[in-house]
Chemist: 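A single structure is presented below for examination.
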Amino acid sequence: MNIEELVGLVQKAVNEDENENEERAVDILTQLESTPIEAFDFTSAKFAACGKSISALRKKAKSELVKRKAKECKDAWTKIIVSKSSNGTDSKTPPQKKTTKTTTETTTTTTTAPKSDENIEEKKKEKGEEKVEEGRNTTTENDEKSALEQVQRTIASKIEQTNNATRDRSRDVIAYGLALAHCEGNCEDISVTSLARIVEEVEDAMSEKWKDLGKEYKAKLRQLAFNMKDPKNPDLRRAIAKREIDATTLIDLSSEELGSDERRAANQSIREHAEAEAVRGQRKEASTTAFKCGKCGQRACTFYQLQTRSADEPMTTFVTCVNCENRWKFC
Ligand SMILES: [Zn+2]
């Protein structure tokens, strides 16, 4: 079928509906639905006119059945057009080149079986190539990762064992942060053995301060691990590796002090924003009934949330009672 024939067929469907020949209009639309429109240049004015006519039928055909059939036809065409456009190797391919490609494909359509086989072959090939590409990327990533893991293992092998699983695990975590500093080339003059001593000192200081190895010990480890691994905070791990911060000072630092400049600035702006919001909020109506004031027992409060600790921990919620201006916070 050429484009002229397509135009003629679409027009015939429109006419049949106009003359209330529902059955004939539906027959033509059925034929149009299965027409291999891949062959046509979708950008041509004639093809566009066909699409427009079918859309019009879909919306305002006299017969409901014709409307439904027109919709099916339109959907089928859209599917082909979309898949055709997205299958193009290059989206910038000029329309003329597209037409040539389309014609070639139509020629192969007559010999149906080989075409689909070819397509499968092509797709397989494409996927295979993608896999190779992916494989390459993964290899590079793996190389970096394994180098890091190797340094971590070397440090870990030089760390004294504590006979306590929690403490040994903490030591591994801290060793990872220092291995990162080593791999970033920020402490080349520091030997792996020295890094192992630092790990021991930091963990010793922690278990000395929080002897029960409980919540606070674990929170400190999480905080340290988060900040030492933070891609935006290479200065912290370098400073620890170079003993610019000693172990006892390190474990007393707040999240703010541990954090990168960027994070500090972000926290500052969140705080300022939240405070401004809170001030505005007080003048307004209560924004929630979710909290009950411990002082006056009312449920009319405003609240804001703030990241006061490291970003991987839950936010702290600050609540203000609209009735008595009582303020409290919880995590
Ligand atoms: Zn109150």
Side-chain angles (χ1 to χ4, degrees), residues 164-167 169-174 176-177 180 201-237 239-240 244-331:
N164 179 300
T166 307
R167 293 189 59 191
R169 210 162 350 103
S170 304
R171 289 176 175 221
D172 277 346
V173 170
I174 300 164
Y176 182 85
L180 209 53
E201 283 167 30
V202 173
E203 198 281 325
D204 279 343
M206 284 171 62
S207 55
E208 185 60 35
K209 188 171 180 181
W210 299 288
K211 290 196 171 67
D212 63 347
L213 309 178
K215 260 188 188 170
E216 283 174 296
Y217 173 92
K218 282 172 183 144
K220 178 53 72 177
L221 180 73
R222 264 206 309 277
Q223 184 202 50
L224 265 182
F226 173 81
N227 284 291
M228 284 181 80
K229 278 192 293 189
D230 188 351
K232 289 175 182 158
N233 203 4
D235 286 343
L236 176 71
R237 43 188 177 265
I240 298 170
E244 286 165 21
I245 310 172
D246 70 86
T248 42
T249 311
L250 176 68
I251 66 160
D252 281 335
L253 291 178
S254 67
S255 285
E256 287 281 284
E257 289 165 321
L258 283 173
S260 63
D261 291 344
E262 206 169 322
R263 196 172 302 286
R264 259 196 294 276
N267 277 353
Q268 181 61 26
S269 100
I270 292 170
R271 182 168 301 120
E272 279 165 10
H273 178 75
E275 275 166 6
E277 284 288 292
V279 168
R280 257 194 292 153
Q282 278 169 34
R283 297 199 198 104
K284 281 192 290 177
E285 297 274 290
S287 58
T288 176
T289 55
F291 313 110
K292 188 178 177 182
C293 174
K295 217 166 148 190
C296 71
Q298 299 259 340
R299 283 186 169 274
C301 303
T302 61
F303 73 101
Y304 65 94
Q305 289 181 307
L306 207 57
Q307 191 72 60
T308 51
R309 294 167 294 162
S310 46
D312 60 339
E313 289 177 72
M315 295 240 212
T316 307
T317 307
F318 296 85
V319 189
T320 307
C321 173
V322 172
N323 186 46
C324 71
E325 296 205 345
N326 179 28
R327 286 163 181 259
W328 69 96
K329 66 171 184 179
F330 62 90
C331 298

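Counting starts at 1 for both ligands and their atoms, in listed order.
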Chemist: Which protein N, O or S atoms sit under 2.8 Å from the Zn ion (ligand 1)?
Modeler: C293 SG, C296 SG, C321 SG, C324 SG

Chemist: I'd like to know if K209 and D204 make a salt bridge, using a cut-off of under 4.0 Å between side-chain N and carboxylate O.
Modeler: no

Chemist: Go through the structure and list residues passing side-chain hydrogen bond (donor to acceptor under 3.5 Å, both in side chains) with E244, not counting sequence neighbours.
Modeler: R238

Chemist: Would you say that V173 contacts R222 through its side chain, given a criterion of any heavy-atom pair below 4.5 Å between the two side chains?
Modeler: no

Chemist: Do L224 and F226 have side chains that approach each other closer than 4.5 Å (heavy atoms only, starting at C-beta)?
Modeler: no

Chemist: Within the 4.5 Å heavy-atom criterion, are I245 and L236 side-chain neighbours or not?
Modeler: yes

Chemist: Report yes if the side chains of C321 and F291 come closer than 4.5 Å at any heavy-atom pair, otherwise no.
Modeler: no

